[in-house]
Visitor: 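Would you mind keeping the following structure in view while I ask a few things?
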Amino acid sequence: MGGYPPLSLRLDLPCIMGILNITPDSFSDGGRFDRLEAAVARARQMADEGAAIIDVGGESTRPGSELVTLDEELRRVLPVVERLHEELTVPISVDTMKAEVARRALAAGAVLVNDVTAMRHDPEMVEVVAQGGCTVCLMHMLGEPKTMQEDPRYADVVGEVSAFLEERLEWATSRGVRQEQVLLDPGIGFGKTVEHNLLLIKHLDELALLGRPLVLGSSRKRFLGAVLGAESGERVAGTLATTVLGAAAGAAVFRVHDVRPNLEALRVAMAVLGAGASA
Ligand code: HH2
C-alpha cells in the first residue's frame, strides 16, 4: 500500500484551501532561508485563520508563465512541506504536475496532490497517486499555461469541461485510483475567457452531478478584474461573491489567498443554506 501517510482529509463540510506559492517573487527578496521562514509563517497564519488545507506550489501556472525544472521545484517545495508537516497539524496539498515532486512531497507528509493537468503531463503521476492512496485534484485546462489564454474556444464550455472531468475520473479509476480519492475542478482561468469562467461558476451544480467533491479556484483571478473594471487590486470582495455562489452550488473546497474573509463568507452561506434543516 506504499509508505505514505493515510488519507487525512475529511470533506464532509465545505472548507478553505489556503494558497502558499513558493516562487521566487512570492516572499520578498530574502535568501532561501528567509523565504522558507516566511513561507512557514504564512502557512501558520492561514491555518490560524481557519484554512483546512494548505496548498504548496513551486511552479506558477499563471497565464504566460514558464515552467520550472524538477530540481528547482523540489528545492522550493520539499523543505516547506517538511517544515509544515513537523510544525502544523493542517493537511498539506502539493500543487504540482510532476510525479517525482508529488512522490517526495507525499513521503514528506503531504496528503493531497493538486495536479492542474489532471495527470496528463506526467505519465507516472497516476501510479504515484494510486500507490500513495492520497487525495488527488484533477483540474480542467484547455491548452497549456504559456499559451492557454490565446483565444480559447468552446461550443459548450460547461458540457465540455464536464465531459473532460468525467473522462479523467474514469481514466484515473481504470488505473488503480479509487473514486474516493478524487476531487474535480473546472479550472477557472485556465484556457477560458471571462464569459467561460462566469458560465462555469453559474453552472457549477452541473459539474457536481459527476459525483465527486468540487474544488473552486477563483481567488483574485483576472476575470474578477474584468467584471469589476479594475484590473489591479486584490479582488477580495469579488472572490467572496464566487465563494458564496460556489457554496450554494455545492462546491467542497475553495482555493483562496485570503483565508479569513472567504471562511467568513462560506460560514454565512452555509448557515443560510442550512437554515431550517434541524428545526
Ligand atoms: N489555480 C492556480 C493554481 N493552481 N489548482 C487548482 N486545483 N485550481 C485552480 O484554480 C488553480 C490551481 C493559479 O492560481 P494562482 O495561485 O493565483 O497562481 P499561481 O499559478 O501563480 O500559483
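Every number for a ligand or one of its atoms is a count from 1 in the order of the listing.
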Visitor: When you look at E73 and R76, which way does the salt bridge (Lys or Arg N to Asp or Glu O under 4.0 Å) test go after all the steps?
Guide: CA-CA 5 Å; E73 196 177 333; R76 291 180 188 178; over 6 Å; no
Visitor: Flag the pair E37 and R83 as a salt bridge only when some basic side-chain nitrogen lies within less than 4.0 angstrom of an acidic carboxylate oxygen.
Guide: yes
Visitor: For D185, what residues pass the salt bridge (Lys or Arg N to Asp or Glu O under 4.0 Å) criterion, not counting sequence neighbours?
Guide: none
Visitor: Enumerate the residue pairs fulfilling salt bridge (Lys or Arg N to Asp or Glu O under 4.0 Å) with a member in residues 260-271, sequence neighbours excluded, ordered by first and then second residue.
Guide: none
Visitor: The test is salt bridge (Lys or Arg N to Asp or Glu O under 4.0 Å); show your working for E100 and K98 and say whether it passes.
Guide: CA-CA 6 Å; E100 183 64 9; K98 297 188 183 77; over 6 Å; no
Visitor: Kindly write out the residues that satisfy ring pair (Phe, Tyr, Trp, His ring centres under 6.0 Å) with F223, not counting sequence neighbours, or none if the list is empty.
Guide: none
Visitor: Non-hydrogen atoms closer than 4.0 Å to ligand 1: which protein residues do they belong to? List them by chain and number, please.
Guide: I19, N21, S60, T61, R62, D95, N114, V116, C137, M139, D185, F190, G217, K221, R255, H257
